[in-house]
There are 2 protein chains.
Amino acid sequence: MARKQGSHSDITGPKVLDAALRLIAQHGYAAVSMRQIAAEVGVQAGALYNYTPDKQSLLFDLMRVHMEEVLSALADADLQGPALQRLEGFTRFHIRFHLPRPDAVFVSYMELRNLSEENFHAIEGLRREYETALAEILQAGVAEGVFVVDDTRVTTRALIAMLTGLSHWYREGGLLAMDEVEAMYWDLVRKSVSAIPE
Amino acid sequence: MARKQGSHSDITGPKVLDAALRLIAQHGYAAVSMRQIAAEVGVQAGALYNYTPDKQSLLFDLMRVHMEEVLSALADADLQGPALQRLEGFTRFHIRFHLPRPDAVFVSYMELRNLSEENFHAIEGLRREYETALAEILQAGVAEGVFVVDDTRVTTRALIAMLTGLSHWYREGGLLAMDEVEAMYWDLVRKSVSAIPE
DNA sequence: GTCTATAGCGGGATAGAC
DNA sequence: GTCTATCCCGCTATAGAC
């Protein structure tokens, strides 16, 4: 136990990102110091700079990896068929992907202000890609005549805000199972874009 | 012009809160220094401590005042009648109140982590009060048989997340008038809690 | 009520030994 | 690859002059 020096690059690298994610989610990027992150990992502050050129890159990597994983997983979900089915697929995908990652969701949502301008634009582009996937489903549904949506871009943002808001209060092990909230949110989404009598 | 000393307590006080709100909304509480706030107001950093005992109190006051104004304005709206009408009133009230105050909404939403434990509980209580107002409308609608809602507490949070999300992208003077988005969001809210054929 | 000056601390990042 | 030590900077908050 407790050897104080040596090579650990294969395990320390991921641990740095894990620690940074947890601490930043809890306290915020600007409030977390490199010394705190190092303590969480179990190294001295200077050692962190073997894994990141600076603190800003740490934040950017957390957000970039998260967004790339979302987009990659969404592509793997390979939503097909009529728009209603694709919308259900998107809704359930969003919840299943995001609920187990509350820290990453929180950081990606709350820390946009703390990205450098260049990094902000990169993340913004990835976010827009994700939004567009939903917007296209809504447009398809309108074209099919199964959705009644006034403005697909506005509705896209409204639905994503609703779905992402779930990640801000839901915690695994609470009163509600993931299946249950998934069903409830799908019900809300489905109805909100449906034709419905006044 | 440019007198460097003198008494200005009647105008400096509000200017401190205004400057703090604007800067914190833009950069985040932890990233904004008392020196920045002082510069925005046009005084030296030390002078701020005539108006606040410390930085934490500044944040707390911003959030407390915002929440008290929301609750007071909601009470003034005096929503009455059948649940559908009250829900429409709440939805339009929420949008009309929040859209002109994007900075206050942003700070009250994003900076909860930076409140001391005691201050957090105080703000949390005010937030819960606001949530409860919506939850009671939903319960009334279910009792009247006009709303179909699985879980009123979950639906409350979902709807507030959707409505508040609007404040995070809408800007006055943009392409959409407030009346238009208000109508769109009311449509989404109304449908999401309505009876609707599978 | 505001100023200047500063105490006291903690921050990000780097240098060089091991 | 990690350590210790440190540079240099900016932070909150306070003290005392005006």
Side-chain angles (χ1 to χ4, degrees), chain A residues 1-24 26-63 107 111 113-119, chain B residues 1-21 23-24 26-62 107 111 113-119:
Chain A
M1 60 172 237
R3 69 177 160 153
K4 287 293 175 53
Q5 294 197 1
S7 295
H8 304 279
S9 74
D10 45 345
I11 59 169
T12 303
K15 279 173 74 178
V16 170
L17 287 176
D18 281 358
L21 180 61
R22 189 166 46 253
L23 286 170
I24 293 173
Q26 189 167 359
H27 305 290
Y29 171 77
V32 170
S33 70
M34 295 298 271
R35 285 173 173 83
Q36 279 178 271
I37 296 170
E40 186 89 356
V41 172
V43 297
Q44 293 301 314
L48 294 180
Y49 292 87
N50 290 313
Y51 303 97
T52 182
D54 50 37
K55 192 185 176 192
Q56 168 72 204
S57 301
L58 214 47
L59 178 63
F60 178 58
D61 282 350
L62 290 175
M63 298 179 70
V107 169
E111 302 295 353
R113 285 175 304 182
N114 289 305
L115 289 173
S116 69
E117 193 175 346
E118 184 184 355
N119 289 343
Chain B
M1 61 174 235
R3 73 179 157 150
K4 286 295 175 52
Q5 297 197 1
S7 295
H8 304 278
S9 72
D10 46 345
I11 59 169
T12 304
K15 279 174 74 177
V16 170
L17 287 176
D18 282 358
L21 179 62
L23 286 170
I24 292 174
Q26 189 166 0
H27 305 291
Y29 171 77
V32 171
S33 70
M34 295 298 270
R35 284 176 173 83
Q36 280 177 273
I37 296 171
E40 186 88 357
V41 172
V43 298
Q44 293 300 313
L48 295 181
Y49 293 86
N50 291 311
Y51 303 96
T52 182
D54 51 37
K55 193 185 175 191
Q56 168 71 205
S57 301
L58 214 47
L59 178 62
F60 178 58
D61 283 350
L62 290 176
V107 169
E111 302 294 355
R113 285 173 303 182
N114 289 305
L115 288 174
S116 68
E117 194 174 346
E118 184 185 355
N119 289 343

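In what follows, chains are A, B, ... by sequence order, proteins preceding strands, each numbered from 1. Everything quoted here is computed from the prediction, not taken from an experiment.
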Hey, does B:Val32 reach any base, or is it just sugar-phosphate, or nothing, if we go heavy atoms under 4.0 Å?
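Sugar-phosphate: the residue B:Val32, judged by heavy atoms under 4.0 Å, touches backbone atoms but no base.
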
At under 4.0 Å, does any side-chain N or O of [X] touch on OP1 or OP2 of [N]?
X: A:Ser33; N: C:dG11; value: yes
X: A:Tyr51; N: D:dG1; value: no
X: A:Thr12; N: D:dT2; value: yes
X: A:Gln44; N: D:dT2; value: no
X: B:Tyr49; N: C:dT2; value: no

Test of understanding: with salt bridge (charged side-chain N to carboxylate O under 4.0 Å, His left out), list the residues that count as partners of A:Arg113, not counting sequence neighbours.
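Once residues adjacent in sequence are excluded, the partners of A:Arg113 under the salt bridge (charged side-chain N to carboxylate O under 4.0 Å, His left out) criterion are B:Glu111.
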
In residues 52-60 of chain B, which ones come under 4.0 Å of DNA chain D, going by heavy atoms?
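By residue number: B:Asp54, B:Lys55.
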
Are A:Leu48 and A:Leu58 close enough that some pair of their side-chain heavy atoms sits under 4.5 Å apart?
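Not touching, per the 4.5 Å side-chain cut-off.
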
Separation of atom [atom1] in [X] from atom [atom2] in [N], rounded to whole Å:
X: B:Asn50; N: D:dT14; atom1: CG; atom2: P; result: 12 Å
X: B:Met34; N: C:dA5; atom1: CE; atom2: P; result: 20 Å
X: B:Arg35; N: C:dT6; atom1: CZ; atom2: P; result: 13 Å
X: A:Leu23; N: C:dG12; atom1: CG; atom2: P; result: 12 Å

Counterpart residues, side chain to side chain donor-acceptor pair (under 3.5 Å), relative to [X] (two or more places apart):
X: B:Glu40; result: B:Arg22
X: B:Asp54; result: B:Ser57
X: B:Gln56; result: B:Asn119

Set of side-chain contact (heavy atoms from CB on, under 4.5 Å) partners for A:Ala39, sequence neighbours left out:
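Residues passing side-chain contact (heavy atoms from CB on, under 4.5 Å) with A:Ala39: none at all.
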
Geometric cation-pi criterion B:Lys15 and B:Tyr51, 6.0 Å radius, 45° cone:
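No - B:Lys15 does not lie over the ring of B:Tyr51 by the 6.0 Å and 45° rule.
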
Assuming nearest nucleotide by heavy-atom distance, tell me which of A:Ala47 and A:Gln36 is located more 5' along DNA chain C.
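Here A:Gln36 is the residue nearer the 5' end.
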
